[in-house]
Every structure is written in C-alpha cells, then in structure tokens.
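Worksheet for the structure shown next.
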Amino acid sequence: MVVVVSHAQPWSAFLTLRQVPLTSSSSFRIRTLTPRFRSLTPRFTTQRLGSLNTRCSINTDVLTDIATDQEVRDDVATDDCGCTIPVLHLKSDILETEALNLLAKGTFVDTLLTTLPVLSEEEQNIIAATPAHPAGLYALYASCLAGYMVEQLWNFASPAAIALIHPSLLPVALMGFLAKLAVIGGGPLVGKLMDHFPRVPAYNCLYIVQTAAQLMSVGMIIHGHTLHPTSASSLLFRPWFIVLVLVGAVERLSGLALGVAVERDWVVLLAGTNRPVALAQANAVLSRINLLCEIVGAALFGILLAKYELVLCLKIAAGLMMGTLPIVVSLTWLTNKLSSGVLDRAVETCLSCSFPSSLKSENIVGVGLEAIKHGWFEYIRQPVLPASIAYVLLYFNVVLAPGGLMTAFLTQQGLNPSIIGGFSGLCAFVGVAATFVSAKMVKHLGILKAGAAGLVFHASLLTTAVAVYWSGCLSQQTPVFFFLALVVLSRLGHMSYDVIGQQILQTGIPASKANLIGTTEVSVASLAESIMLGVAIVVNDVSHFGFLATLSLVSVVGAACLYCRWLENPTDTQRTLFSSSPHL
C-alpha cells in the first residue's frame, strides 16, 4: 500500500485512506488530479482550499494490484485567538486489512522463486562456447587477415631487401636491436595512450601511422638501392639509413600496439570474458591467422623476388600497403557496428584526464619515463603475474626455436638448406596445429590446467633434445634429425601456452589497463630476448651452442615450475577470476 501526503500548505492536512478492490490488470499507472488554486496568499487565512485528490495504482509482475485512493483535504479550525489549527482524520482500520492482504500475497513470491529454471550443464557449455558478438568477431578476423598479411610480408621483405643492398649482417642486426629498444622504451607510453583514448579511432590512427612508416621505409630502401654503398660502416651513417632505422622503430612499435589492442582488449569484448571456450576459440583463430600470414607473406615476397627486380617487388609491396589501408579501416568500423557499438566507449582508466595535457607542459622524455614507471608498477600489481612471468621466460629461449641462431648451427652441421627450410616450415605448421589443440585443452582441462599441460609438455621435450645434444652423437645425421624432431614437437606445447596464457592474461587483467599492461609485458619479453641475443653475441662460436641451449632450457623449465607452483596454491583472487573454469 502506498500513502501519499500532500503538503500544499504546511499548517493544514486531512488524510483519508480507503481500500479499493483489486483488479487483474498488470499495468502500472499513476494518475494525479491537480487541484486548482484560485488565490494563494502568503498569510494565514481561514479560507477552505479546494480538495486535492490523488489516485495511485501500482501493479507488479508478482503481486496483484494494490490500489489506494488518497483524498487529502485541508481542514482547518480556528481557536479563540484566531490561529488556525490543523486537523488530521486518519482511518486506521484499512491499514490492518491491507497488511493481511500483502502477507497473503507473499506466499506467491516464495512459490515463484522456487520454480525459477536452472540451466543444465550442457546448456551452460553451449553458452560458454558461443561468442557474445559472433558477427563482430568475423569482421575482426577479416581485418586481422588483411593487416597481418601486409605486416608479415614486410617483416620478411625489409631484412631481405637490406641484405641485398649490402651482404653484411650488421645493418639488419642494428635495425632489429634498435627496434627492440623502441619497444622496450615506448611500449608502455603507447599502451597508456591506447588505454586513454577511444578504441576505434585510436586503432585506425595507429594503423595509418604504421602504414605511413612502411611506405617511408620502402622509399628509403629504394633510394639506398640506387647508391650501392661500398662498406657496412659507410652504410650506417647515410641519412637515408638513419631515417630507415627511425621509421622502422615506429613501424615495429605501432604493430606491437595494434596487436596488443586486438589480442588483449577487443577480442575479450567480442567473445566475452565469462565465455572461456568462445574466448579460447577466438584466440586460436587469431593465432592461426597470424601464423598463416607469416608463411604466406614470406612465400609471396620470395616468389616475387625470384621473378622480378627488387625495386619492382618493393613497389608491389607498397601498392599492397596502400590498398589494404582502407580495407582495414572499413573492417574496423564494421566490427564495431556489428557488435552493437561495444567498442565505442572509451576505456575507463585510473589515470587523471590531465594526462594528454601533460604532453604539452612536459618534455616527451619525462612523460615517457613516467609511463614506463607506471607500466612496470601496474605490471607487477596484476593478479596473474606468475602466468605473465612464465610467458616472458619463454622468450629467453632463442636457441631451441626456429630462428637465426638455430639456422647458423644447422648450417655448421652441414645440413642441406632444404632440410633447414623444412624445419622452419614444420615449426610453423605445428604452431597452427597448436591453435586447434589449445581450444580442446581448455574445454576438457580448464584454462589453468591447460596452460600447465602446455608448459610441462614443452619443457619435457626440450629436456630430451638437450640431452641428445650433450650425448655427443650429433655428428651423425640420424641423431640430428631426432634432435630437430623433438624441437619441432616441443613447439606444440609452446604455442599452446602462447594461446592459453594469452587468455589467462585477458581474463585477469582489467579492461582499463589491458593495453598498458600488455605493452609493458611485450616490452619485458623484448628485453629478455635482447639479453639472450647479447649473450649469443659474446659467446658467438658454434662450439658454445650447448651452453646457449642449456640456458634456454633452464628458462623454459623455470617457467613451467613457476606456473605449476602458482596453480597449486590458488589465491582467493585467482578463484574469483577463474570461477567459470570447471576444473579449477
């Protein structure tokens, strides 16, 4: 029952309550009859005002209608002194009747609550495997396919073109080292900016910056190809090469930020954080697209380079870059539209709104240092830090993986180049297979145990491979093939954890800090990789390959032990974050 008291004048009130028969209507209506005051003066008077009638009927889905008529009349009395005295007439017998009626209706509420449907386990599994915005995810896949293809093609074309200008490895090594320094120093700053600005405009602007850097790099390499420098040292101090190094660092940093935004933020919103199977499948598809683009991009530029001159191949690559730009921008806009604008809102951050203005009042170096400090602070405070550290430790393994050091070692062993190329291709295809396996592992083991299984599998096979190396029988061809087979199979565990660990970080890191913590983590991983490359530069003889392989193995085993220890001692925060995991 609702009682409405009108205080048209504070010195007078008259309240009458009466019960109205209940109706079967389920509407919610409030009707007010406004009184008409012909004259209202701010002085005391004995004049009787017109009556104020308010009818209020309230109906809900559970209780039947309870309607009350409240007639409020101002009844004033005058004493001998001429002062008005308010008189309140209250009918209290109605209150008891309404209270009994309400208590009777309460039994219907209890009955309704006990008959609420509960989803079965099969229905819950179906929901967990269904993305929140499937159409938006497909548009995101198409956007990533176009963007990753150009990026991976350029990642292969850039060092190959520079190597054709001069046979020394120093220019390529210098560009790679400075690009990693740019990632280490500028990653947190870019991530901080990405967390502050709206998602779609920031992504499109960053992709435009990356494309502009790639096109400028193409122009610098074409210009350098016409000069034919005589020595590597003279090449390093050429203006065009200095510009090439700078724009290459910008291109690498932009690509890093774009990847983090898609893999740590966008895919979580489109798949749903409370839908672990759907998120695992989305992560697997993105990894699959990246690996396939890596294979196809390198093969495409290799075929072009085998048939045409370098300058023509670079012009074709530039045409692909310019043609892909409007496609990616349009697909990004389409992704947001098909997902009902879930990417429209700006990322909520804990930073003050004065951050962009600090870029005007302070120097960029100071802002960058503050961003790095803030990024490290948030990185250490993240609730899934052990899983992130395990992910970073895998980057210390630069030897027992396809790459320049492994290629140099196999070349010194006298293997046929086709075998070396086949080894790299098999590692890539095993990585693609791992994207299919990881989703099944999450579904059957749960996300946390699936990550542990991937790390343990990776560490076990690499331990066997290092044992084969130290057995001293690699001088024969059969043990070498067995060694390579173990390394190839170990990539199944590595890439599985790469996908699963990414989902763990997506679930544990707040959306407001996804880009900041993600770029900081990649910066730390780049630092780890740079440290191992520095060690390899110091002990650059092939005879020290066993020492480098042992260091790589220690980092992988350490990652597995750290993660398993974190899994054995779950915290309350860990249980809360991964409550949807059925095997926690």
Side-chain angles (χ1 to χ4, degrees), residues 148 151-160 163 169 172-173 176 179-180 287-302 391-435 437-438 454-455 457-466 468-469 474 479-499 525-526 528-530 532-533 535-537 540 542 545-546 548-553 555-556 559:
Y148 287 174
E151 183 178 3
Q152 294 296 344
L153 184 146
W154 182 244
N155 288 342
F156 177 82
S158 176
L169 295 178
V172 177
K180 291 187 181 299
S287 298
R288 217 169 290 152
I289 291 174
N290 191 18
L291 289 170
L292 290 176
C293 288
E294 182 179 353
I295 298 172
V296 175
L300 177 61
F301 192 82
Y391 177 82
V392 170
L393 286 174
L394 295 181
Y395 277 83
F396 279 96
N397 179 23
V398 297
V399 176
L400 299 175
L405 295 178
M406 177 63 77
T407 301
F409 170 73
L410 296 178
T411 303
Q412 292 294 329
Q413 294 295 318
L415 289 182
N416 192 294
S418 61
I419 297 178
I420 300 176
F423 165 74
S424 300
L426 284 176
C427 287
F429 280 109
V430 168
V432 175
T435 62
V437 175
S438 60
L455 285 175
F457 183 80
H458 184 44
S460 301
L461 289 180
L462 285 187
T463 301
T464 307
V466 172
V468 170
Y469 174 84
L474 289 186
V480 172
F481 288 159
F482 183 59
F483 171 79
L484 293 179
L486 290 172
V487 174
V488 169
L489 290 177
S490 71
R491 302 296 295 176
L492 186 64
H494 174 85
M495 293 304 301
S496 296
Y497 183 76
D498 185 74
V499 176
S526 298
E529 192 174 1
S530 300
M532 281 300 294
L533 289 175
V535 175
I537 291 174
N540 52 23
V542 179
F545 181 82
L548 296 174
T550 304
L551 286 181
S552 298
L553 175 63
S555 66
V556 174

* Asked: Is the side chain of Tyr469 donor-acceptor paired with the backbone N or O of Phe483 at a distance under 3.5 Å, no angle test?
  ->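 The answer is no, because no donor-acceptor pair under 3.5 Å joins these two groups.
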Indicate yes or no: at least one non-hydrogen side-chain atom of [X] is less than 4.5 angstrom from one of [Y].
X	Y	result
Leu553	Asn397	no
His458	Ser496	no
Phe429	Leu291	no
Val468	Leu486	yes
Leu551	Val399	no
Val398	Leu548	no

Non-hydrogen atoms of [X] and [Y] that approach each other most closely:
X	Y	result
Val487	Leu400	CG1-O, 3.8 Å
Ser552	Phe396	OG-O, 3.7 Å
Val499	Ser287	CG2-OG, 3.4 Å
Leu492	Ala433	CD1-C, 4.3 Å
Ser490	Leu462	OG-CD2, 3.4 Å
Met495	Gly431	CG-CA, 3.6 Å

* Asn290 versus Gln152, side-chain donor and acceptor atoms under 3.5 Å ->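 There is such a pair between these side chains.
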Between atom [atom1] of [X] and atom [atom2] of [Y], what is the distance when rounded to the nearest 0.5 Å?
X	Y	atom1	atom2	answer
Phe301	Asn155	CZ	CG	12.0 Å
Glu151	Cys293	CD	SG	9.5 Å
Phe481	Ile419	CZ	CD1	4.0 Å
Leu484	Cys427	CG	SG	8.5 Å
Leu455	Leu394	CG	CG	6.0 Å
Leu489	His494	CG	NE2	14.5 Å

* To do: Could you walk me through whether Glu294 and Tyr148 pass side chain to side chain contact (heavy atoms under 4.5 Å, CB included), step by step?
  => CA-CA 8 Å; Glu294 182 179 353; Tyr148 287 174; over 6 Å; no
* Other residues, nucleotides, ligands: >12 heavy atoms within 6.0 Å of Phe457 CZ ->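 Yes - once you tally the heavy atoms of other residues, nucleotides and ligands closer than 6.0 Å, there are more than 12.
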* Asked: More than 12 non-hydrogen atoms from neighbouring residues, nucleotides or ligands closer than 6.0 Å to OH on Tyr395, yes or no?
  ->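 Open.
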* **Plane angle bin for Phe409 and Phe545 - parallel if under 30°, tilted between 30 and 60°, otherwise perpendicular** =>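 Parallel, since the angle between the ring planes stays under 30°.
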